[in-house]
Amino acid sequence: MSLIQPRTLKGFRDYLPAMMIPREGMMQTAREVFRSYGFSPIDTPVLEYLEILTGKGSDETDRQIYRFQDNGGRDVGMRFDLTVPLARFAAQHAAKLGMPFKRYHIAPVWRGENPQAGRYREFVQCDFDTIGTESVLADIEAVAVINRLLSTLGFDRFTIHVNNRVVLSGLLEHLGLADQTVPILRSLDKLAKIGRDKTAAEMCEAAGVTDAQAESVLRLAECDGDAETVLAQLPEITGGNEKAAAGIERLTQIYQGAIASGVPASRLHLDVSIARGLDYYTGVIFETTLDDLPGIGSVCSGGRYDNLAGLYTKQHLPGIGASLGLDRLLAAMEQMDLLPDASTPASVLVTFFEKSYRDDYLRLAANLREAGIAAEVYPDAKKLGAQLKYADQRGFPMAVIAGGNEWSEGKCQIKTLATKSSEEINYSHDQPGELIARIKQCLDAKQNSAD
RNA sequence: GUGGCUGUAGCUCAAUUGGUUAGAGCAUCGGAUUGUGGUUCCGAGGGUUGGGGGUUCAAGUCCCCUCAGCCACCCCA
């Protein structure tokens with residue numbers, strides 16, 4: 001019979017232990033950070049009625065949704081982000097949840113687009129959102145959470161780009177271009193890539209603006225520098241428009257609040273030119289890039305959406321949140337060679353030396369686990385060298401070795417793989433304390449030297 | 001979805017202008033070595049050259065299709 005070729009779909013990937021161990025660690029870190037701010041976990045179905053998903057996205061996002069008819073003939077789709085399902089969830093359960101409501105959601109999403117480095121058709125997002133309040137405090141907190149997330153994950157050099165869409169829409173209102181927001185945003189987004197002149201030309205063509213209007217918009221987008229400078233220049237650039245002034249005031253508060261929350265000013269960049277983000281954003285928007293690998297794109301983006309749930313309920317449910325692109329970040333760490341190469345989560349390999357002591361090895365390993373030390377017993381009484389090689393290659397930091405000599409003397413050997421050094425420790429099944437203490441000491445030492 | 005580049009063993013790469021049975025290093029497994037791993041030596045396995053079709057006496061090499069990866073557009077985590 002012919003074999004079926006084992007393969008995965010374009011843009012979908014397997015995760016081997018060496019990748020999955022840090023990946024799970026990142027999820028755990030994200031969970032801990034979210035919980036420390038009071039966000040609660042939720043989950044929602046992978047599949048939604050198609051109409052739920054297509055309601056608010058642009059044509060572009062609609063095109064990227066995996067969709068099909070289920071066996072009952074219903075039109076369904078796989079979620080392409082976690083924010084739209086949240087809006088549905090909030091509209092459906094608002095009464096039970098109470099407002100404001102803070103949730104986090106770590107789960108895979110699917111987008112049928114062309115993959116690239118750090119860009120997949122299936123990837124995990126770590127979302128956190130606060131809904132039911134328009135308070136600037138929630139906006140500030142979002143910045144603080146992003147900062148805490150990235151730094152807890154081990155990053156030091158990253159930049160959180162912050163903007164408020166209201167500033168631009170205020171300017172557009174001032175210019176009488178309020179109804180051309182979307183095409184103008186789209187053109188503006190290309191500023192860094194295609195340059196000033198082409199951007200202006202495209203704006204004229206796509207949105208029908210005059211040269212003078214394009215000039216005003218570009219002046220806004222090109223406003224750059226440290227936060228104070230930008231904030232000081234914005235009122236004049238936006239022509240004293242009231243709406244823009246409110247947006248600038250909000251941006252100022254977010255900036256000051258973030259600083260007060262402990263976010264280093266060096267990591268904050270008020271970037272009036274970032275116009276990206278899904279169409280549903282209405283206020284502040286965020287993007288986070290790694291200073292050492294900007295090319296991989298934003299690893300944590302989000303913003304405020306004040307009427308997303310409006311599609312599903314008449315209740316006013318404003319929200320703000322952001323999403324950490326876990327798999328993109330993982331790809332970045334891989335490229336930057338930041339991933340540890342251990343492919344086992346265990347700390348100790350108990351070598352299987354002499355068959356007659358099988359139960360003693362099992363008992364010893366059980367004692368280690370009881371003390372919180374992950375331990376694996378090698379399954380075969382193979383040559384010791386082979387077992388140690390196995391331990392080293394899998395990334396076990398330590399091994400325990402005991403044969404007839406050790407057992408009869410009430411001892412066992414512990415070996416630190418990295419240094420090849422070993423020592424004898426007193427041990428009996430009833431009094432494992434000395435062994436456990438010493439192993440923990442060695443593991444701590446290794447942990448510290450790795451940091 | 002559109003366009004460009006790429007695709008040989010698990011990994012990194014060879015293979016005259018198309019020309020015998022597609023090679024090497026590393027890795028894997030076994031042995032030298034029945035109580036101590038990253039060295040050395042010996043041996044073994046592993047490929048319908050991503051897959052399919054075509055041109056040719058002859059295709060890893062040329063052409064078409066397809067699949068996948070990377071890049072650009074678009075969009076985004």
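To find a chain, count down the sequence lines: A is the first, B the second, and so on, and within it residues start at 1. Note that the coordinates shown come from a computational prediction; the quantities given were computed from them, not determined experimentally.
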Please state whether the base of [N] and the side chain of [X] form at least one donor-acceptor pair under 3.5 Å?
X: A/Arg111; N: B/rA77; result: yes
X: A/Glu113; N: B/rA77; result: yes
X: A/Glu406; N: B/rG35; result: yes
X: A/Lys383; N: B/rG35; result: no

If we require ring centres under 5.5 Å and near-parallel planes under 30°, does A/Phe123 stack on B/rA77?
yes
Counting side-chain heavy atoms from C-beta on, which of [options] comes nearest to [X]?
X: A/Ser301; options: B/rA77, B/rG1, B/rG38; result: B/rA77
X: A/Ala117; options: B/rC71, B/rG35, B/rG69; result: B/rC71
X: A/Ser298; options: B/rA77, B/rG35, B/rG38; result: B/rA77
X: A/Pro115; options: B/rG37, B/rU28, B/rC70; result: B/rC70
X: A/Arg7; options: B/rC67, B/rU28, B/rA77; result: B/rC67
X: A/Leu388; options: B/rG37, B/rA77, B/rA68; result: B/rG37
X: A/Lys389; options: B/rU28, B/rC67, B/rA77; result: B/rU28
X: A/Asn405; options: B/rG35, B/rG1, B/rA77; result: B/rG35

Upstream residue (5' side of RNA chain B) when A/Gly325 and A/Gly11 are each assigned their closest nucleotide:
A/Gly11
Which sits closer to the 5' end of RNA chain B, A/Leu417 or A/Gly112, going by the nucleotide each is nearest to?
A/Gly112
Can you tell me how far [atom1] in [N] sits from the matching atom in [M], rounded to whole Å?
N: B/rU49; M: B/rG23; atom1: C1'; answer: 12 Å
N: B/rU48; M: B/rA22; atom1: C1'; answer: 12 Å
N: B/rA15; M: B/rG7; atom1: P; answer: 12 Å
N: B/rA9; M: B/rG18; atom1: C1'; answer: 24 Å
N: B/rG10; M: B/rA72; atom1: P; answer: 30 Å
N: B/rA44; M: B/rG25; atom1: P; answer: 13 Å
N: B/rC41; M: B/rG46; atom1: P; answer: 24 Å
N: B/rU16; M: B/rG53; atom1: C1'; answer: 28 Å

Looking only at atom types and distance, does a side-chain atom of A/Thr44 sit under 3.5 Å from a main-chain N or O of A/Pro85, one as donor and one as acceptor?
no
Atom [atom1] of [X] and atom [atom2] of [N]: how far apart are they, to the nearest Å?
X: A/Glu354; N: B/rG35; atom1: CD; atom2: C1'; answer: 8 Å
X: A/Leu9; N: B/rG51; atom1: CG; atom2: C1'; answer: 16 Å
X: A/Arg394; N: B/rU28; atom1: CZ; atom2: P; answer: 11 Å
X: A/Gln116; N: B/rC73; atom1: CD; atom2: P; answer: 8 Å
X: A/Asn114; N: B/rA72; atom1: CG; atom2: P; answer: 12 Å
X: A/Lys415; N: B/rG37; atom1: NZ; atom2: C1'; answer: 7 Å
X: A/Tyr390; N: B/rA27; atom1: OH; atom2: P; answer: 19 Å
X: A/Phe352; N: B/rU34; atom1: CZ; atom2: P; answer: 18 Å

Mind checking [X] for me? I need base, sugar-phosphate or nothing, with any heavy atom below 4.0 Å counting as a touch.
X: A/Gly297; value: nothing
X: A/Cys300; value: sugar-phosphate
X: A/Ala402; value: nothing

Quick one: is B/rU36 close enough that its OP1 or OP2 comes under 4.0 Å of any side-chain N or O from A/Gln413?
no
Please state whether the rings of A/Trp407 and A/Tyr357 are parallel, tilted or perpendicular, taking 30° and 60° as the class boundaries.
parallel
Inspect the contact between [Y] and [X] and indicate whether a charged nitrogen and a carboxylate oxygen are less than 4.0 angstrom apart.
X: A/Asp43; Y: A/Arg103; answer: no
X: A/Asp327; Y: A/Arg23; answer: yes
X: A/Glu376; Y: A/Arg394; answer: no

What stems show up for RNA chain B when you take Watson-Crick pairs (N1-N3 plus N6-O4 or O6-N4) and G-U wobbles (N1-O2, O6-N3), both under 3.5 Å, and require three or more consecutive pairs?
B:1-7 with B:67-73, B:10-13 with B:23-26, B:28-32 with B:40-44, B:50-54 with B:62-66
Can a cation-pi geometry be assigned to A/Arg13 and A/Tyr120, taking NZ or CZ under 6.0 Å from the six-membered ring centre and within 45° of the ring axis?
yes
A/Arg165 charged N/C atom sitting above A/Tyr281 aromatic ring, 6.0 Å / 45°
no
Report the C-alpha separation of A/Gln28 and A/Glu24 in whole Å, then their side-chain angles, then the decisive distance to 0.1 Å, and conclude whether the side-chain hydrogen bond (donor to acceptor under 3.5 Å, both in side chains) test is met.
CA-CA 6 Å; A/Gln28 184 56 29; A/Glu24 278 195 353; over 6 Å; no
